[in-house]
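For ligands, and for the atoms within them, numbers begin at 1 and follow the listed sequence.
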Amino acid sequence: MAEKLLEVRSLTTGFAAGQGLVKAAEGVTISIDRGQTICLVGESGSGKSVTSLSIMRLVEFAGGMISEGSIRLGGEELTTKSQKEMSRIRGNKMAMIFQEPMSALNPVFSVGEQIAESIRLHQRTNAAEARRRAVDMLRLVGIPDPHIRAKQYPHELSGGMCQRVVIAIALACSPDLLIADEPTTALDVTVQAQILDLLRSLQRDLGMSILLITHDMGVAAQMADRIAVMYAGVIVEDGPAQDLFEHPAHPYTMGLLRSVPSMDGEREESLYTIPGTVPSLHQLPQGCRFHPRCQSAMARCAVESPPLEGVGPDHKTACWLYDNSAGSKEVLSK
Ligand code: SF4
């Protein structure tokens, strides 16, 4: 049986607002095996980034607070760690890369110095050894002439090269888990494909696990072993990637899949978009959070919140369409 690396259970993270807490992620449960890639998918505002920042315990620096739940990495509980302990875990056991490579790099230091600095921050090594390893890391992430590139500054490199440098910094200390938050969104399409290829080959070579945050089902299709779909702060579907693509259960997942451009070469007249927008966290609808946008909504959907339950082996969804216990299945007219 595969070994679990990350186990997140019933995680709730909120932001203080007035007298209460606005929950940006609620009851999130996901787990990642060693060497596995999980994609957390959903539109912006669905709670994906808050979930990933919570796992890193960086959400507290953005004013957030983990109010419930457990995060275990390699069996170690992270929610009770001090930030001093977390800074040792970040970089050594898990690392994160973000959407905008330029804003992750310091413009006044060469890229080689920045990688070496990351190595020295987390591991006992002298400056010369850290510089040598920085060049090795640039080579590992596919940067040509790494000795020359190591001396260059971020503005001298393309966006794709900068994202490779950011990946090199994240991997400098061989983390078990890499969290990548929309790592290709700011890049053009051909560079996107190269960065995804790079992540796949690094994962194969280094055996790390990846939690990939994306709004793009096309990216998830290329990368994921497993997919968790988030909507308005909750997981609405979770299952093995192939099963979820072949048999999507939740109407929101079906909508996301219909929004992906066709791969068969035929041009679609117009690309499908899910009607409406993700609700504000301050004004979440009662019942199923997706019901105002759902073409299959029934009367009970506006009143009762559906639990996440099995619809197949290892495949769960939160939708009343799969509950036969009670209530009319007549679809509400929209
Ligand atoms: Fe649609 Fe109802 Fe299922 Fe929500 S519970 S996704 S509103 S059918």
Query raised in the report: Which residue, Lys316, His315, Arg226, His250, forms the side-chain hydrogen bond (donor to acceptor under 3.5 Å, both in side chains) with Asp238?
Result: Arg226
Query raised in the report: For ligand 1, which atoms, with element, lie under 4.0 Å from some heavy atom of His250?
Result: 6 (S)
Report task. Sort by chain and number the protein N/O/S atoms that are closer than 2.8 Å to atom 2 (Fe) of ligand 1, and list them. Result -> Cys301 SG
**Report entry** Set of side-chain hydrogen bond (donor to acceptor under 3.5 Å, both in side chains) partners for Ser54, sequence neighbours left out
**Finding:** Thr13
Query raised in the report: Does a side chain donor of either Arg289 or Tyr252 reach within less than 3.5 Å of an acceptor in the other side chain?
Result: no
Query raised in the report: For Gln242, does the CD atom sit with more than 12 other heavy atoms under 6.0 Å from it, leaving out its own atoms?
Result: no
Report summary line: Taking every heavy atom of Ala172 against every heavy atom of Arg133, the minimum-distance pair comes out as O-NH2, 3.5 Å
**Report entry** Working for side chain to side chain contact (heavy atoms under 4.5 Å, CB included), residues Asp176 and Leu73
**Finding:** CA-CA 9 Å; Asp176 297 324; Leu73 183 72; 5.6 Å; no
